[in-house]
Asks: 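Sharing a structure here in structure tokens format.
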Amino acid sequence: MLKATNLHAGYGGSDVLKGISLEVPEGSCVALVGANGAGKTTLARTLSGLLVPRKGQILFKGKEISGLPASRIARKGLCLCPEGRHVFAPLSVEENLLLGAFPRLPSIGPFRRKASADLEKIYDMFPILQQRRSQQAGSLSGGEQQMLAIGRVLMARPGLVILDEPSMGLAPLVLKEVFEAIVTLRKSGMTILLSEQFARNALSVTDSAYIMEQGTVVLEGPSADLAKNPAVAEAYLG
Amino acid sequence: MNPEILAYTQMAVSGALMGLAYALVAYGFQLTFAAGKAVNFGQGELVMLGAFVGLTLTGIGIPYWLSIAGAMAVGTGLGWFVERSAVRLALKQHNEGWILLTIIIGLFAVSAAENIWGREDKPYPVPWQDGSIDFYGISVTWPEITIAAGALGAMILIEIAKRCTMFGIAVQAVSADPDAAELCGIRSTSATSLSWAVSGAAAAFAGTIIGPVTTVGPTMAAALTLKAFSVAVVAGLDSAIGLVFTGIFLGTVENLSGFLLGSGWRETPGLILLILALALRPQGIFGKKIIRKV
Ligand SMILES: Nc1ncnc2c1ncn2[C@@H]1O[C@H](COP(=O)(O)OP(=O)(O)OP(=O)(O)O)[C@@H](O)[C@H]1O
Ligand SMILES: [Mg+2]
């Protein structure tokens, strides 16, 4: 479904990604594991169009997408839930969710009604969001904001969703809830690319994984195998 | 009532109503700043062009109401054009060149207006030019009522559109976090263009309601830019209510000082207000936000 070949990308002078190739087959759940600064976020931004690659190819559903604006790529169904949540702080929780479905909703008119079935699903998955639906997103706790960011990206009914470090800064209980949501999504057949710094949770919920170091892929394979690999265990299982 | 007090009150009321027009022009600054972190320093020039276009249309026999629509159409196009042709380029390069570029476009607009319509001030006749309503001896003319109703109505309408349509919510999203908005499938550059177009339409509309009260001429542009800018600096760039109160305040003070000190002093309060605001808020209105963006 998503296939990147020999990607080079970066900021300013030097490349952060130095020839990354990866593939996310339809219906699979793939982990991207790497330490601080390995380039996971840079890769996520490049795949979603926020950063234009300097070299290489990105195919989504068989079509080249590199160089397209991020909004076009999102409309094609490749959606990123960005690192650090990036909820729209001054807007309400429900408005944030509605914005996730923006391309599908009428610009003027009964957009709330049109989105109500999707809203319902998100509220079932994260009941706390329903309680806070008219609250400003900026006033939510970190964990609630992460749930909102995931809810927002799901409102787009994505073909493939990239989750960039959804566990960042979360308390264990919230972390559990977020990972349960990922397992539910995976069971529903959604294609997922999950970027994580710590491999234990990521490898346990994914089919296969890529291990990144300094802008390159150093290991790849089925998640279960990588979890048993002593080198991975030492570096990323902590 | 004491005739002297009555005269002052009359002046204050007329000034306050005109102040609402300043608020509307300043509101145009807020609109573009929210979406793209830039403003049009030729906003007063757009007001002037709107007034001239409206005036020309009524001159060829088109009814006042339709002349407003025509002026707004031109304002929409011009607002959009300024953003596309100049501002976007400067912002893409993360510099403040848009300040100079919008000033230059404004200067160009003034000389174009002088060439097309001449330098003299012209009356902008409206069907209810001479009507007025009296409240306890204070008379308010219909054109003044049109300013108040039009300016408040336009701001309320745009505020409703911002909150209650998906378009408006999307523009707010772009203003809060352009990258995240892109990830939601919202083209942030289109949202910025839309804001500039609406801001241009609001400025042109302001011209068609101010013109009947003040007359129309190329010199109105710079004065209006200055006043609207003072109002925006004092009220800040995020509260429409603040603009309304500051606009009313400036309009009142300006009319009273013109009345008390002579008409040459009319423009002084706007300038003093601006200097005070800049002195009390040395980071200016955009200082902080631009630095954060770059
Ligand atoms: N906006 C930026 N401008 C310049 N350099 C950047 C920028 N963002 C990231 N970098 C650099 O790119 C490298 C990779 O960063 P990236 O955020 O992609 O890593 P990461 O794997 O996501 O790390 P983390 O686990 O901390 O999120 C780092 O060396 C970082 O300093
Ligand atoms: Mg990261």
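Below, read A as the first sequence line, B as the second, and so on, with proteins coming before strands; counting in each chain starts at 1. Values below: all heavy atoms of this structure, side chains included; hydrogens, waters and symmetry mates excluded.
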Asks: Should the heavy atoms of other residues, nucleotides or ligands under 6.0 Å from CZ of A/Arg72 be counted, would the total exceed 12?
Replies: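 Not buried by this count: 12 neighbours or fewer within 6.0 Å.
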Asks: Between A/Gly49, A/Pro69, A/Ala101, who has the most heavy-atom pairs with chain B when the cutoff is under 4.5 Å?
Replies: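 Greatest number of close heavy-atom pairs with chain B: A/Pro69.
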Asks: Heavy-atom distance under 4.5 Å to chain A: side chain of B/Ala161, backbone, both or neither?
Replies: neither
Asks: To the closest 0.5 Å, what do you measure between CZ (A/Arg75) and SG (B/Cys184)?
Replies: 10.5 Å
Asks: Counting only heavy atoms not in B/Glu159, do more than 12 fall under 6.0 Å of its CD?
Replies: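 It does: B/Glu159 CD has more than 12 such atoms within range.
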Asks: What distance do B/Glu182 atom CD and A/Leu80 atom CG have between them, rounded to the nearest 0.5 Å?
Replies: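 Spacing of CD (B/Glu182) from CG (A/Leu80) equals 12.0 Å.
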Asks: Give a yes or no on whether B/Phe249 atom CZ has more than 12 heavy-atom contacts from other residues, nucleotides or ligands under 6.0 Å away.
Replies: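 Atom CZ in B/Phe249 is not packed in, count stays at 12 or less.
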Asks: Which of residues 166-174 of chain B get closer than 4.5 angstrom to chain A, counting heavy atoms alone?
Replies: B/Met166, B/Phe167, B/Ile169, B/Ala170, B/Gln172, B/Ala173
Asks: To check you understand the geometry: which heavy-atom pair defines the closest contact between A/Phe88 and B/Ala176, and what is its length?
Replies: CD2-CB, 4.3 Å
Asks: For A/Pro90, is it the side chain, the backbone, both or neither that has a heavy atom under 4.5 Å from a heavy atom of chain B?
Replies: side chain
Asks: Between CG of A/Leu91 and CG of B/Asp177, what distance do you get to the nearest 0.5 Å?
Replies: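 It comes to 10.5 Å.
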Asks: Can you find a pair of side-chain heavy atoms, one from B/Leu183 and one from A/Cys79, that are under 4.5 Å apart?
Replies: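 Of all side-chain heavy-atom pairs linking A/Cys79 with B/Leu183, none is under 4.5 Å.
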Asks: Around atom CZ of A/Phe179, are there more than 12 heavy atoms from other residues, nucleotides or ligands closer than 6.0 Å?
Replies: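 Yes.
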Asks: Just wondering, more than 12 heavy atoms not from A/Lys18 lying within 6.0 Å of its NZ?
Replies: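 Yes, because the 6.0 Å sphere around NZ of A/Lys18 holds more than 12 heavy atoms from other groups.
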Asks: Is the number of heavy atoms from other residues, nucleotides or ligands within 6.0 Å of OH (A/Tyr123) greater than 12?
Replies: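 Yes, enclosed.
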Asks: Just wondering, are more than 12 heavy atoms of other shown residues or ligands nearer than 6.0 Å to CZ in B/Arg163?
Replies: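 Check fails, neighbour count at 12 or below.
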Asks: By a 4.5 Å heavy-atom criterion (distance strictly below it), what part of A/Leu99 contacts chain B: side chain, backbone, both, or neither?
Replies: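 Its backbone and side chain both get close to chain B.
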Asks: Got more than 12 heavy atoms from elsewhere within 6.0 Å of CD1, B/Ile241?
Replies: no
Asks: For A/Arg152, is it the side chain, the backbone, both, or neither that has a heavy atom closer than 4.5 Å to a heavy atom of chain B?
Replies: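 Side chain of A/Arg152 only, per the 4.5 Å heavy-atom cut-off to chain B.
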Asks: Is A/Leu50 close to chain B through its backbone or its side chain, or both, or neither, when contacts mean heavy atoms under 4.5 Å?
Replies: side chain
Asks: Mind checking the SG-CZ spacing from B/Cys164 to A/Phe111? Nearest 0.5 Å is all I need.
Replies: 7.0 Å
